[in-house]
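Proteins get letters first, then strands, A, B, ... in listed order; numbering begins at 1 in each. Keep in mind it's a predicted model, so treat the numbers as computed, not measured.
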Amino acid sequence: QSVLTQPPSVSGAPGQRVTISCTGSSSNIGAGYDVHWYQQLPGTAPNLLIYNNINRPSGVPDRFSGSKSGTSASLAITGLQAEDEADYYCQSYDSSLSGSGVFGGGTKLTVL
Amino acid sequence: QVTLRESGPALVKPTQTLTLTCTFSGFSLTTSGMCVSWIRQPPGKALEWLARIDWDDDKYYSTSLKTRLTISKDTSKNQVVLTMANMDPVDTATYYCARSLGTTPYDFWGQGTLVTVSS
């Protein structure tokens with residue numbers, strides 16, 4: 001069981017908007033720790049997509065956006081493209097697990 | 001530029017100890033705040049954080065695995081080593097090392113190394 005909860009799968013047609021939720025608790029997201037999002041294409045290492053809740057690293061399209069509220073965070077992808085089909089993971093830290101980065105269970109995005 | 005590369009055996013037997021090495025370049029683990037973590041991913045499953053070592057030699061371990069894990073660094077060689085004792089088939093996974101600055105995100109990852117545990 002992952003410390004952060006994500007839906008196992010989401011899907012959308014090209015051009016549509018999808019969101020992926022990440023639900024934590026008062027010891028991680030709710031404690032004020034930032035949330036980061038990673039995209040993992042098949043057979044590759046995760047790649048940082050959103051950091052500190054809302055920021056995009058250089059090179060990440062502005063179709064990707066993040067938000068955080070309370071004990072949850074969300075990743076939104078607009079204008080879906082076939083190349084967005086991947087696994088997405090949220091990550092934060094947890095005060096009850098000293099030094100531990102905690103991950104969500106991952107969400108498989110399928111572009112229909 | 002920043003790179004990390006994992007190395008180690010592709011196959012280990014149950015009960016053996018696994019030793020993995022992360023060799024990095026483009027940054028120094030003597031820089032204040034710098035950290036290297038190990039993260040693993042069983043086939044078809046989620047990412048799981050294992051351990052972290054900081055620039056000042058502070059070490060942190062997964063609470064569920066800490067009795068089996070040891071992390072260390074050799075700053076002269078730009079390497080971080082993870083050992084995991086008493087390997088079991090459920091430990092079959094791709095093992096990644098990744099860089100962060102404290103609780104900041106893992107901004108650079110190695111390509112991962114697949115370790116299979118089987119007799």
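Identified by a heavy-atom distance below 4.5 Å to chain B, contributing residues of residues 55-83 of chain A are lacking entirely. Using a 4.5 Å cut-off between non-hydrogen atoms, the part of residues 1-14 of chain A that approaches chain B consists of S2(A). Of all residues in residues 34-41 of chain A, those placing a non-hydrogen atom less than 4.5 angstrom from a non-hydrogen atom of chain B are H36(A), Y38(A), Q40(A).
Nearest heavy-atom pair, G104(A) versus A46(B), reported as atom, atom and distance to 0.1 Å: O-CB, 4.0 Å. In plain terms, the two heavy atoms of G101(A) and W49(B) that are nearest each other are O-CB, 3.0 Å.
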Enumerate, atom names and distances included, each donor-acceptor pair closer than 3.5 Å involving a side-chain atom of residues 19-36 of chain B, sequence neighbours excluded.
residue : atom : partner : partner atom : Å
T23(B)  : OG1  : Q79(B)  : NE2          : 3.2
S25(B)  : OG   : T3(B)   : OG1          : 2.6
S28(B)  : OG   : T30(B)  : N            : 3.1
S28(B)  : OG   : T30(B)  : OG1          : 2.6
T31(B)  : OG1  : S28(B)  : O            : 3.3

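Looking at L50(B), there are no atoms closer than 4.5 Å to chain A (heavy atoms on both sides), in backbone or side chain. When heavy atoms are compared at a cutoff of 4.5 Å, S92(A) does not approach chain B at all. The part of K45(B) that comes within reach of chain A is its backbone (N, CA, C, O), which places non-hydrogen atoms under 4.5 angstrom from that chain. Proximity to chain A (any heavy atom under 4.5 Å) is restricted, for S100(B), to the side chain, taken from C-beta onward.
Using a 4.5 Å cut-off between side-chain heavy atoms of Ile, Leu, Val, Met, Phe, Trp and Tyr, with links allowed through other members, Y93(A) and I54(A) fall into different hydrophobic clusters. Cluster membership check: V2(B) shares its hydrophobic cluster with V80(B), using side-chain heavy-atom separations under 4.5 Å among Ile, Leu, Val, Met, Phe, Trp and Tyr. Cluster annotation: I53(B) is not connected to V81(B) through the hydrophobic network of ILVMFWY side chains, with a link wherever side-chain heavy atoms come within less than 4.5 Å.
Annotation: the span from F108(B) atom CZ to N47(A) atom CG amounts to 9.5 Å, rounded to 0.5 Å.
At least one side-chain heavy atom of N52(A) sits under 4.5 Å from a side-chain heavy atom of P105(B). Side chains of Y96(B) and P46(A) form a contact here, defined as non-hydrogen atoms less than 4.5 Å apart. Annotation: side chain of Q41(B) is not in contact with side chain of F103(A) (no heavy-atom distance under 4.5 Å).
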